[in-house]
Number of protein chains: 2
Amino acid sequence: MTDYQNILRNIKRYVELSEEDEQEFISIIKTSSVKKRQFIVQPNFVCEYQTYVEKGAFRSYFVSDEGEDHTIQFAIEDWFISDFNSYISQEPASLFVEALEDGIIHQIAYQDVENLCEKKPKFERFFRLVAQKSFAYAQKRVLSNLGKSAEARYIEFQAQYPTIVQRVPQYALASYLGMSAEFLSKIRKRLSKA
Amino acid sequence: MTDYQNILRNIKRYVELSEEDEQEFISIIKTSSVKKRQFIVQPNFVCEYQTYVEKGAFRSYFVSDEGEDHTIQFAIEDWFISDFNSYISQEPASLFVEALEDGIIHQIAYQDVENLCEKKPKFERFFRLVAQKSFAYAQKRVLSNLGKSAEARYIEFQAQYPTIVQRVPQYALASYLGMSAEFLSKIRKRLSKA
DNA sequence: ATAAAATCTTGAACTAGTTCAAGAACATTT
DNA sequence: AAATGTTCTTGAACTAGTTCAAGATTTTAT
């Protein structure tokens, strides 16, 4: 017996749902459990689903030609994650999405979402609001990447997402913040002494 | 007599519009002309509108505490621009949006858009698709900022947006690409010789 | 056409952040 | 509990990109 209360509550932060709406939405959810280090999205495969994290921690990242990896996003409980580019275009992904811990996810398929939006404008609205918020968030990130020093970026992130800092490996955080793992280690040491 | 063909064509790339839909949309558009160096969005004022560029070139940018400015976005003909964070939350802006040339813009107010979306799901859909695309684009930018050297970033941008490179001041481009204006000048020299 | 303002260039000195390498600490499997 | 794999730390040498300053060029206004 799967519990859909969390994901439904998430949606209800944006739009009201009738009992029937809830049932309709639940009917397209596919739930699964994942093991640490498992990939739920991989380059060259189309990212068919948007994934809601019921339990666990994930990251999406890109591996450059030089073999360095660059973290695009983290997601813990109550967040969505995917290779969004691949998802909306239904073209092959360029990112990995990897479980950083054992976890449980709810997935919704591209075509099911599009059909649902068509049928019930309420969901169209939900996905519009979420996409707008995500875009605003991504712009904010660009901004703080451009403006700030490596140390300032770390301090800001640590203030805003203390839980994530504790849960994800340091090399993944460093690659999210756009610095080498070694340098992040040095920053942390410097800050712990001050 | 104002011409709405371009903005309507833009929308019709995503959804079909009846004659009535078009009229409805046109009724909320406010058109104005702007002079070079004019601000259409300023910090501390709520960004009431999303702006469609009919003619001209714009940039949005942020001024940091140290007084450096960081370009977030450029927009030329057929693009939308705003302080999107301020627009969707209807809270005071933190960005400037400045005209880089004399131009003509079509603006649509937050509340008018929300009402229109409520009334006609077709527009809800349009704005969802646009927001999703914008988000995907912003993620791509984060990615190329993280992965690449200053020179590679410039080359990539130049390949993708040659028109913009020609139309905007170099210091604005440098601040978009996350490097000093001097360094961009040096990169260009280096490339022109090679 | 001239003056004033804005933008771009160049070199020299500097620094924030990288790379490499090797060991230490921690986690996971048997 | 030992063994293996994974992640984190530290220092030394390096480099991509910055800052400063001054002149050259282009644009804008009168």
Side-chain angles (χ1 to χ4, degrees), chain A residues 35-38 57 59 61 64-71 74 96 98-102 144-158 164-194, chain B residues 34-39 56-57 59 61 64-71 74 96 98-103 144-158 164-194:
Chain A
K35 282 283 174 198
K36 185 169 177 174
R37 260 171 268 268
Q38 187 179 327
R59 70 164 178 143
Y61 65 97
S64 71
D65 300 339
E66 297 80 42
E68 296 158 333
D69 69 279
H70 301 283
T71 300
F74 293 110
F96 292 91
E98 180 194 23
L100 299 169
E101 306 169 356
D102 293 356
S144 87
N145 269 282
L146 285 178
K148 301 193 170 78
S149 69
E151 179 170 320
R153 258 142 46 213
Y154 171 67
I155 291 173
E156 179 182 77
F157 189 86
Q158 150 76 31
I164 291 184
V165 172
Q166 273 153 20
R167 276 170 81 175
V168 307
Q170 199 165 74
Y171 64 82
L173 180 55
S175 88
Y176 179 90
L177 293 172
M179 66 186 80
S180 69
E182 295 93 329
F183 196 57
L184 178 52
S185 173
K186 283 163 195 173
I187 286 174
R188 280 179 139 168
K189 190 185 184 191
R190 203 191 299 157
L191 290 174
S192 70
K193 280 194 283 193
Chain B
V34 292
K35 281 282 172 197
K36 183 167 179 175
R37 259 171 270 269
Q38 188 178 325
F39 294 115
R59 69 164 178 144
Y61 64 98
S64 71
D65 300 340
E66 297 81 41
E68 294 158 332
D69 69 279
H70 302 284
T71 299
F74 292 109
F96 292 90
E98 180 195 22
L100 298 169
E101 307 171 355
D102 294 355
S144 87
N145 269 281
L146 285 178
K148 301 192 171 78
S149 70
E151 179 171 320
R153 259 141 47 214
Y154 171 69
I155 290 172
E156 180 182 75
F157 189 87
Q158 149 78 33
I164 291 184
V165 173
Q166 272 153 20
R167 276 170 82 174
V168 307
Q170 198 165 76
Y171 63 84
L173 180 55
S175 88
Y176 180 90
L177 294 172
M179 67 186 79
S180 68
E182 294 93 331
F183 195 57
L184 177 52
S185 173
K186 284 162 196 173
I187 286 174
R188 281 178 138 169
K189 190 184 183 188
R190 203 192 298 157
L191 291 174
S192 71
K193 280 192 285 194

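First the proteins, then the strands, lettered A, B, ... as listed; each starts at 1.
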Worksheet item: Would you say B/Arg153's side chain and B/Leu177's backbone share a donor-acceptor pair under 3.5 angstrom?
Response: yes
Discussion item. Does this structure show an ion pair linking B/Lys36 with B/Asp102, if we count only N-O contacts that are shorter than 4.0 Å?
Written reply: no
Worksheet, complete the sentence: dist B/Met179:CE -> B/Ile187:CD1 (nearest 0.5 Å) comes out at 4.5 Å
Worksheet entry | Nearest-angstrom distance from the residue atom CZ of B/Arg190 to P of D/dA16 | 8 Å
Item to complete: Drop me the distance from B/Glu98's CD to B/Gln38's CD, to the nearest 0.5 angstrom.
Response: 10.5 Å
Worksheet item: Is there a donor-acceptor pair closer than 3.5 Å between any side-chain N or O of A/Thr71 and the backbone N or O of A/Ala172?
Response: yes
Item to complete: Find the distance B/Leu173:CG to C/dT7:C1' and express it as a whole number of Å.
Response: 14 Å
Worksheet item: B/Glu101 has an atom CD; how far is it from atom C1' of C/dA6, in whole Å?
Response: 16 Å
Practice prompt. Can you tell me the distance, in whole Å, between the CD atom of A/Glu68 and the C1' atom of D/dA16?
Written response: 14 Å
Worksheet item: Rounded to whole angstroms, how far apart are CG on B/Leu177 and C1' on D/dT18?
Response: 16 Å
Response to the item:
Output for pair (A/Glu68 CD, A/Ser175 OG), nearest 0.5 Å, gives 10.0 Å
Fill in: Approximate separation, where rounding is to 0.5 Å, of A/Glu151 CD and A/Phe183 CZ
8.0 Å
Expected rows: protein N/O vs nucleotides 9-12 of chain C N/O, under 3.5 Å:
residue : atom : partner  : partner atom : Å
C/dT9   : OP2  : B/Gln170 : OE1          : 2.7
C/dT9   : OP2  : B/Ser185 : OG           : 2.9
C/dG11  : N7   : B/Lys186 : NZ           : 3.4
C/dA12  : N6   : B/Lys186 : NZ           : 3.4

Worksheet item: For the residue pair B/Ala99 and B/Val34, what are the closest heavy atoms and their distance?
Response: CB-CG2, 4.1 Å
Item to complete: Can you label the angle between the B/Tyr176 ring and the B/Phe74 ring as parallel, tilted or perpendicular, going by 30° and 60°?
Response: tilted
Worksheet entry | Length of the CD-P vector between A/Glu66 and D/dA16, whole Å | 13 Å
Worksheet item: What is the distance, rounded to the nearest whole Å, between atom OH of B/Tyr171 and atom P of C/dA5?
Response: 16 Å
Between protein and nucleotides 24-30 of chain D, what N or O pairs are separated by less than 3.5 Å?
residue : atom : partner : partner atom : Å
D/dT28  : OP1  : B/Lys36 : NZ           : 2.4

Practice prompt. To the nearest Å, give me how far apart CD (B/Gln166) and C1' (C/dC8) are.
Written response: 17 Å
